[in-house]
**Student:** 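Questions regarding the structure given below will be posed in turn.
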Amino acid sequence: MAVGAATATATGLHSGVTAYRLLTGEAPANANISTDTKLDRHVLASILAAATIDGGCLLEKVGLSYVELTALLERYFPSTKINAAEQASPIKQEDQEEIAMLRDLLLEHRSTQGDIGRWLAAMIARRAMEPDHLWKALGLRNRGELVLVLRRHFGPLAARNVNNMRWKRFFYRMLCENDGLVMCTTPVCDQCGEFNICFGEESGESRLAERRLDLLLQEAARPVGRRPGV
C-alpha cells in the first residue's frame with residue numbers, strides 16, 4: 001500500500017485515540033463501564049472518537065447541531081471545546097430521511113429521561129449510515145457494549161430483538177413494520193437464503209484495534225529503504 005495511505009491510517013488512528021484521551025483522560029481499552037454513568041460517558045467519547053477517525057465535519061459525522069454538541073461537551077467533558085465556526089456540511093437527501101426515521105424510532109422507545117437519550121438517538125441514527133457493524137461505527141469495543149447502551153436508553157425497542165438480529169437489520173425491520181411493509185417474503189428466518197445477513201456473526205476487533213493492525217501491516221510491508229528513520 002502506498003506510503004500516503006499508511007500515513008492517513010496513522011493519522012486517523014492517532015486522532016481517534018487522542019480524541020478519546022482528551023475527552024476521558026484514558027485510553028479506550030482501559031474504559032470502566034461498571035456503572036450507568038461511566039457507560040454513558042464511554043459511549044459518548046467512543047462515538048466522538050470514531051467520528052474523528054472518519055475526518056470531515058465532526059458535527060455532521062455525529063448527527064448533532066453545534067448547540068447540541070456544545071451542551072454535550074459541557075456536561076460530560078467540560079474541559080473540551082470545539083471550534084465555534086464549525087458548521088455541519090450537507091449530506092444526501094435520502095440519507096437525511098433515513099437518519100430522521102431511525103432517530104424518531106429510537107426516540108419513540110426511550111427508557112431514560114433527559115438530553116442524553118435524545119443525543120444518542122441522533123448519534124446512533126447518523127452512525128448507522130456508516131458501512132461498519134453498528135457497534136464499530138459507534139467506536140465501541142464490542143457488540144456487548146452496544147447491547148448495554150440500547151437496553152439502558154431504548155429498552156422497549158431493544159427488548160423486541162428477541163432473536164438477536166443484527167442491530168441495523170433489526171432497526172430497518174422495525175421501520176418497515178411501522179410502515180406496514182414486509183422486509184422479506186420468507187415466513188421463517190432459518191429458511192431464508194440471506195439468514196447470515198440478518199443473524200450472522202457480528203464480532204471482531206474494535207475500530208481502533210483494526211486501524212492499529214492495519215498500520216502495523218502496512219509498516220511491515222514497506223521496502224526497508226522507505227521506512228521512517230532509514
Side-chain angles (χ1 to χ4, degrees), residues 8 11-28 31 33 36-132 134-140 145-146 149-150 152-154 157 167-168 171 175 207-208 211:
T11 301
L13 171 62
H14 178 74
S15 64
V17 173
T18 298
Y20 191 96
R21 283 184 178 276
L22 286 173
L23 291 166
T24 68
E26 63 182 354
I33 59 171
D36 287 342
T37 300
K38 291 177 179 178
L39 172 65
D40 289 347
R41 196 164 183 267
H42 167 64
V43 170
L44 292 171
S46 297
I47 297 173
L48 293 171
T52 301
I53 291 175
D54 288 346
C57 177
L58 179 62
L59 298 175
E60 188 279 309
K61 292 294 184 179
V62 299
L64 298 178
S65 68
Y66 172 75
V67 172
E68 289 171 326
L69 183 55
T70 299
L72 184 158
L73 292 173
E74 287 178 349
R75 184 173 304 179
Y76 288 93
F77 313 104
S79 63
T80 306
K81 306 297 179 184
I82 61 172
N83 185 351
E86 187 177 21
Q87 299 295 326
S89 57
I91 59 176
K92 294 184 294 184
Q93 181 64 33
E94 57 268 29
D95 286 346
Q96 290 178 334
E97 293 174 357
E98 285 191 31
I99 292 168
M101 290 171 62
L102 179 50
R103 181 197 63 218
D104 291 346
L105 176 70
L106 291 165
L107 289 174
E108 288 170 8
H109 294 85
R110 286 181 61 181
S111 49
T112 55
Q113 300 299 315
D115 289 328
I116 186 170
R118 180 169 53 82
W119 293 334
L120 282 172
M123 297 170 90
I124 291 171
R126 169 59 187 86
R127 298 305 296 172
M129 298 298 105
E130 299 299 318
D132 285 334
L134 183 55
W135 66 269
K136 289 187 177 184
L138 296 172
L140 302 177
E145 291 185 341
L146 174 57
V149 74
L150 292 175
R152 167 162 161 69
H153 291 286
F154 310 101
L157 184 61
W167 286 106
K168 283 188 186 181
F171 290 153
L175 290 173
R207 208 157 181 219
L208 288 177
R211 292 296 180 96

**Student:** Measuring from Leu150:CG to Phe171:CZ, what's the distance to the nearest 0.5 Å?
**Tutor:** 5.0 Å

**Student:** Identify which one of Gln96, Lys168, Glu98 satisfies the side-chain contact (heavy atoms from CB on, under 4.5 Å) criterion when paired with Met129.
**Tutor:** Glu98

**Student:** Between Lys61 and Ala51, which heavy-atom pair has the shortest distance, and what is it?
**Tutor:**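 Looking at all heavy atoms of both residues, the closest pair is CB-CB, 3.7 Å.
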
**Student:** Going through the checks in order, is the side-chain contact (heavy atoms from CB on, under 4.5 Å) test met by Leu73 and Leu23?
**Tutor:** CA-CA 9 Å; Leu73 292 173; Leu23 291 166; 4.0 Å; yes

**Student:** Please report the closest heavy-atom contact between Leu138 and Ala50, naming both atoms and the distance.
**Tutor:** C-CB, 4.0 Å

**Student:** Applying salt bridge (charged side-chain N to carboxylate O under 4.0 Å, His left out), can you list everything that pairs with Arg75, at least two apart in sequence or on another chain?
**Tutor:**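 If we apply the salt bridge (charged side-chain N to carboxylate O under 4.0 Å, His left out) test to Arg75, skipping adjacent residues, the hits are Asp115.
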
**Student:** So which heavy atom on Thr52 is nearest to which on Leu48, and how close?
**Tutor:** OG1-O, 2.8 Å

**Student:** Could you walk me through whether Trp119 and Leu69 pass the side-chain contact (heavy atoms from CB on, under 4.5 Å) test, one step at a time?
**Tutor:** CA-CA 9 Å; Trp119 293 334; Leu69 183 55; over 6 Å; no

**Student:** Which atom pair, heavy atoms only, marks the closest approach of Ile99 to Ala125?
**Tutor:**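 Closest pair (atom of Ile99, atom of Ala125, distance): O-CB, 3.4 Å.
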
**Student:** Within a strict 4.5 Å, meaning less than it, do heavy atoms of the Arg103 and Arg126 side chains meet?
**Tutor:**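 Counting from C-beta outward, Arg103 and Arg126 never come under 4.5 Å.
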
**Student:** Quick one: side chain to side chain contact (heavy atoms under 4.5 Å, CB included) partners of Ala31, sequence neighbours excluded?
**Tutor:**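 Partners of Ala31 by the side chain to side chain contact (heavy atoms under 4.5 Å, CB included) criterion, ordered by chain and then number, come out as Tyr20, Glu26, His42, Arg141.
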
**Student:** About how many Å separate CD1 of Ile47 and CG of Leu58, when rounded to the nearest 0.5 Å?
**Tutor:** 11.0 Å

**Student:** If I compare all heavy atoms of Ala121 with all of Leu107, which pair ends up nearest, and what's the gap?
**Tutor:**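 The pair with the smallest heavy-atom distance is CB-CD2, 3.6 Å.
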
**Student:** Compare all side-chain heavy atoms of Leu120 with those of Leu44 and state whether any distance is below 4.5 angstrom.
**Tutor:** yes

**Student:** Would you say the side-chain atoms of Glu130 pair up with the backbone N or O of Arg127, donor to acceptor, closer than 3.5 Å?
**Tutor:**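 Side chain of Glu130 to backbone of Arg127, a donor-acceptor pair under 3.5 Å: no, none is there.
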
**Student:** Quick one, Trp135 with Glu145, criterion side-chain contact (heavy atoms from CB on, under 4.5 Å). Give me CA distance, side-chain angles, the key distance, then yes/no.
**Tutor:** CA-CA 8 Å; Trp135 66 269; Glu145 291 185 341; over 6 Å; no

**Student:** Mind checking the CG-CG spacing from Leu146 to Leu140? Nearest 0.5 Å is all I need.
**Tutor:**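 So the CG of Leu146 and the CG of Leu140 are separated by 6.0 Å.
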
**Student:** Only counting residues at least two apart or in another chain, list the ones meeting salt bridge (charged side-chain N to carboxylate O under 4.0 Å, His left out) with Arg152.
**Tutor:**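 Arg152 satisfies salt bridge (charged side-chain N to carboxylate O under 4.0 Å, His left out) with Asp36, Asp40 once adjacent residues are dropped.
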
**Student:** Check whether any side-chain heavy atom of Leu102 sits under 4.5 Å from a side-chain heavy atom of Leu105, and report yes or no.
**Tutor:** yes

**Student:** For the CD1 atom of Ile116 and the CZ atom of Arg41, what is their distance to the nearest 0.5 Å?
**Tutor:**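 It is 11.5 Å, given to the nearest 0.5 Å.
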
**Student:** For Leu106 and Leu157, which heavy atoms make the closest approach, and how far apart are they?
**Tutor:** CD2-CD2, 3.7 Å

**Student:** Quick check: do Leu72 and Phe77 have side-chain heavy atoms less than 4.5 Å from each other?
**Tutor:**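 They are in side-chain contact.
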
